[in-house]
Amino acid sequence: MTDIKTDTPKTEAPIRVRIAPSPTGDPHVGTAYIGLLNFLYARQRGGKFVLRIEDTDRTRFVSTSEQEIFNSLRWLGILWDEGPDVGGPYGPYRQSERTEIYRQHVDLLLANGTAYRAFETPEELEDLRLRQIAAKLPPRYDGSHRELPQAKIDQYLAEGRPYVVRMKVPPHTGDSTSSTTFRDELRGNITFEHNNVDDQVLLKSDGFPTYHLANVVDDHLMGITDVIRAEEWISSTPKHILLYKAFGWDLPRFWHMPLLRNIDKSKISKRKNPVSLIYYRQAGFLPSAMINFLGLMGGGMPTNEAASTGKSSEADIFSLDDMIARFRLEDIRLGGPVFDLTKLKWLNGEYIRRSTPEAFYEALRTTILSDSYLKQIAALVQTRVETLGEFGNLTHFFFADDVMPTEEIFVPKKRTREETLTFAAEQLTTLEATDWTHEALEPALKKLGEEKQWSVKENFMLLRAIITGSTMSPPLLESMEIFGKPRTLARIRTFLDTQKKQNNTKK
RNA sequence: GGCGUUAUGGUGUAACUGGUUAACACGCUGCCCUCUCAAGGCAGAGAGUCCGGGUUCGAGCCCCGGUAACGCUACCA
């Protein structure tokens with residue numbers, strides 16, 4: 001093993017990297033992927049890895065999300081040196097606690113003429129957008145408040161009209177540049193003409209910053225040296241460069257990583273692939289396997305010597321420590337890798353087979369057979385069994401992954417297969433948007449049933465069939481609650497996918 | 001539509017500064033082992049490197065032109 005630190009130029013500032021997830025839902029595999037890459041980069045260079053929470057979107061905020069992000073990353077062993085929960089010298093690490101900082105920085109931009117107030121209402125902007133689309137023009141802010149006379153601004157402010165602050169993208173008086181070129185460490189120079197860069201909103205009318213502003217201000221203030229993020233940010237990087245320039249700050253290095261993909265190559269999404277880290281934990285994937293699998297995405301691990309000497313399959317198997325020792329971020333492949341569950345499951349199986357019997361049993365007992373899980377399930381069936389031996393009869397679906405009802409079971413007497421599948425898809429949509437307590441689930445499902453003219457019995461029986469594979473089960477909603485949202489939704493999606501495929505083969 | 005990025009078997013990756021029949025893993029097929037199923041062992045099928053030109057003795061690697069996929073195009077991140 002080589003000493004990585006000797007490779008690091010000694011003149012460099014200490015490496016500081018970060019991930020900045022938004023607490024808007026379940027922790028995402030994409031967050032884990034980018035987190036892993038940042039973590040490795042920092043560890044290999046004796047740098048610091050920062051976790052920052054980007055909670056500036058109040059409309060999408062989910063209160064439990066932040067804690068779940070912490071739990072999931074820790075589960076994987078992706079540990080941060082600074083963050084909201086562990087503190088650090090550059091805090092606070094939650095953007096909602098930094099609003100005063102952003103306000104001050106916006107004032108700086110307002111004062112030096114690189115930003116301006118815009119007083120249009122959201123309705124006016126929507127109207128503009130629609131007209132532009134109708135005229136086959138690229139939808140873009142038309143800049144009408146770019147050069148508002150001071151008198152007008154004062155008047156609007158006095159009237160108390162709400163406003164946003166927008167970035168004044170050059171060219172304008174004081175800066176005549178018409179394009180921005182930046183270096184992506186993986187791809188080389190990328191150029192954007194400014195007439196393709198919108199006057200991005202920096203400060204929303206609710207006083208919160210947008211991603212673009214908060215991100216640049218925080219990265220600078222937190223001393224971030226390398227921005228390692230997903231490819232979807234390439235398009236907005238010129239805005240960020242312009243902001244660094246407007247503040248007069250040095251640029252970090254930018255590394256844009258390929259996007260994880262669904263099987264059909266689109267950006268990975270929950271509709272087509274489980275993306276919740278909670279799902280993977282609850283479904284019984286081992287953190288070592290998940291980390292290993294993520295390390296396979298995009299390459300980056302040099303071919304193992306074991307591959308040429310010993311068993312060749314060893315080449316694909318490595319630990320987090322192996323990655324710290326040998327992973328090369330600069331070798332990441334740029335094509336978007338498909339997040340292929342088949343290979344993940346094979347890897348997971350490898351890790352299970354390699355466990356000691358004790359470790360395997362321990363893994364079962366802390367996940368799929370944990371005391372808390374069993375205790376909740378037991379409470380559900382106590383009145384429904386006559387011998388303890390019947391426990392498995394009623395609860396098999398809690399422990400199985402291949403539940404699939406036959407058509408006779410899931411299609412109600414007076415319904416067709418088609419309308420049943422359509423309704424099941426609507427149930428899925430409803431469940432996705434509902435808090436995961438049986439108290440919340442019941443009215444949500446009943447409301448859907450009323451709207452679509454499905455009786456409560458038909459409604460719940462269909463769902464019961466999908467979740468349990470049977471027409472007989474412990475109380476459905478309580479069962480779903482214990483089984484967990486990510487796995488329940490995944491089961492419904494698997495059901496719908498399978499039935500859809502059967503449709504296609506029938507025709 | 002505009003802008004940007006990407007492109008090696010079905011999937012993930014490999015192929016030194018261009019150099020023999022494009023390699024490994026997953027998956028798939030068959031066989032062996034075996035009370036079953038996995039695991040394991042063995043043997044296969046599957047790409048000529050998105051397409052078209054060019055440079056070169058020689059191109060997956062270099063040049064030019066296309067195409068397709070993906071991303072962005074919000075007072076979301």
* Asked: Nearest to the side chain of A/K343, which nucleotide is it out of B/A77, B/G4, B/C26?
  -> B/C26
* Structure fact -> Among the nucleotides B/G71, B/A74, B/A25, whichever has the atom closest to the side chain of A/R129 is B/A74
* Any donor and acceptor pair, going by atom type alone, linking the side chain of A/D331 with main-chain N or O of A/P302 inside 3.5 Å? -> no
* Pick from A/F327, A/W255, A/F49: which one makes a ring pair (Phe, Tyr, Trp, His ring centres under 6.0 Å) with A/Y41? -> A/W255
* **Any donor-acceptor N/O pair under 3.5 Å between B/G4 base and A/S235 side chain** => no
* To do: Describe the nucleic acid contact of A/P337 in one word from base, sugar-phosphate, nothing, applying a heavy-atom distance below 4.0 Å.
  => sugar-phosphate
* Asked: Any idea which of B/A74, B/G2, B/C75 is nearest the A/N196 side chain?
  -> B/G2
* To do: Kindly indicate, with the supporting measurements, whether the criterion side-chain contact (heavy atoms from CB on, under 4.5 Å) is fulfilled by A/M167 and A/K239.
  => CA-CA 8 Å; A/M167 177 165 66; A/K239 292 170 185 173; 3.6 Å; yes
* Asked: Looking for any heavy atom pair under 4.0 Å, which part of the strands does A/T56 touch: base, sugar-phosphate only, or nothing?
  -> sugar-phosphate
* Is any side-chain N or O of A/R333 closer than 4.0 Å to OP1 or OP2 of B/G12? -> no
* Asked: Within this structure, what is the NZ-to-P distance between A/K239 and B/U73, rounded to whole angstrom?
  -> 7 Å
* Asked: What distance, rounded to whole Å, do you find between the two C1' atoms, one in B/U13 and one in B/G27?
  -> 15 Å
* **Ring centroid separation A/H105 to A/F247 under 6.0 Å** => yes
* To do: Take atom P in B/C50 and the same atom in B/C16, then report the distance between them in whole Å.
  => 16 Å
* B/C76 phosphate, OP1 or OP2, under 4.0 Å from A/K204 side-chain N/O -> yes
* To do: Could you state the atom-to-atom distance from CD of A/Q132 to P of B/U73 in whole Å?
  => 15 Å
* Structure fact -> Separation of B/A14 atom P from A/R326 atom CZ, nearest Å, is 13 Å
* Checking all strands, does A/T24 fall into the base, sugar-phosphate, or nothing category for heavy-atom contacts under 4.0 angstrom? -> nothing
* **Separation of the P atoms in B/A15 and B/G54, to the nearest angstrom** => 29 Å
* According to the Watson-Crick and G-U wobble definition with distances under 3.5 Å, which dot-bracket string, read 5' to 3', encodes RNA chain B, using [ ] for crossing pairs and | for pairs with another strand? -> (((((((..((((.....[...)))).(((((.......))))).....(((((..]....))))))))))))....
* Asked: How about A/F293 and A/F339: are their ring centroids closer than 6.0 Å?
  -> yes
* Between P of B/A74 and CG of A/L202, the distance in whole Å -> 15 Å
* Would you kindly give the CZ-to-P distance between A/F61 and B/C75, to the nearest whole Å? => 22 Å
* OP1, OP2 of B/A74 versus side-chain N and O of A/T210: anything below 4.0 Å? -> no
* **Nearest-Å distance once atom P is located in both B/A38 and B/C70** => 36 Å
* What is the distance, rounded to the nearest whole Å, between atom CG of A/D340 and atom P of B/G12? -> 8 Å
* Asked: When the P atoms of B/G48 and B/G60 are considered, how many whole Å apart are they?
  -> 13 Å
* Structure fact -> Looking only at B/G27, B/G12, B/G71, the nucleotide nearest the A/E232 side chain is B/G71
* Interatomic distance, A/L130 CG vs B/A74 C1' [rounded to whole Å] -> 13 Å
* Asked: Which comes earlier along RNA chain B counting from the 5' end, the contact point of A/L344 or that of A/R187, where each point is its nearest nucleotide?
  -> A/R187
* B/U49 and B/U20: how far apart are their P atoms, nearest whole angstrom? -> 15 Å
* **Integer angstrom distance from the P of B/A14 to that of B/C31** => 35 Å
* Say whether, by atom type as modelled, one donor and one acceptor occur between the side chain of A/N273 and the main chain of A/I263 under 3.5 angstrom. => no
* To do: Output yes when at least one side-chain N/O atom of A/K267 is less than 4.0 Å from OP1 or OP2 of B/C72, else no.
  => yes
* To do: Would you mind telling me which of B/G71, B/C26, B/C75 lies closest to the side-chain atoms of A/S266?
  => B/G71
* Would A/W75 and A/Y280 count as a close aromatic pair, with their ring centres under 6.0 Å? -> no
* **Over-ring placement of A/R166 relative to A/Y141, 6.0 Å and 45° cut-offs** => yes
* Asked: Heavy atoms under 4.0 Å, any strand shown: does A/E193 hit a base, just sugar-phosphate, or nothing?
  -> nothing
* Structure fact -> Across all chains, not counting sequence neighbours, the side-chain contact (heavy atoms from CB on, under 4.5 Å) partners of A/P405 are A/I409, A/F410, A/A465, A/F495
* Proximity to the side chain of A/R60 - top-ranked nucleotide from B/G12, B/C76, B/C75 -> B/C76
* Taking NE2 from A/H194 and P from B/C3, how many angstroms apart are they, rounded to a whole number? -> 16 Å
* Asked: Step by step, would you call A/N215 with A/R52 a side-chain contact (heavy atoms from CB on, under 4.5 Å)?
  -> CA-CA 10 Å; A/N215 168 269; A/R52 185 172 71 218; 3.8 Å; yes
* Assign A/S205 to base, sugar-phosphate, or nothing according to its heavy-atom contacts below 4.0 angstrom with the strands shown. => base
* Classify the nucleic acid contact of A/V338 as base, sugar-phosphate or nothing, counting any heavy atom under 4.0 Å across all strands shown. => sugar-phosphate
* Just checking A/L125: base, sugar-phosphate only, or nothing, at a heavy-atom cut-off of under 4.0 Å? -> base
* Asked: Given the C1' atoms of B/A22 and B/A59, what is the spacing between them in whole Å?
  -> 13 Å
* Asked: Would you say A/N189 has more than 12 foreign heavy atoms packed within less than 6.0 Å of its CG?
  -> yes
* Check every strand shown and say whether A/Y211 touches a base, only sugar-phosphate, or nothing at a heavy-atom separation below 4.0 Å. => base
* Asked: Can you find a side chain N or O atom of A/K265 that sits less than 4.0 Å from OP1 or OP2 on B/G10?
  -> no
* To do: Just label B/G48 as syn or anti from its O4'-C1'-N9-C4 or O4'-C1'-N1-C2 angle, using within 90° of 0 for syn.
  => syn
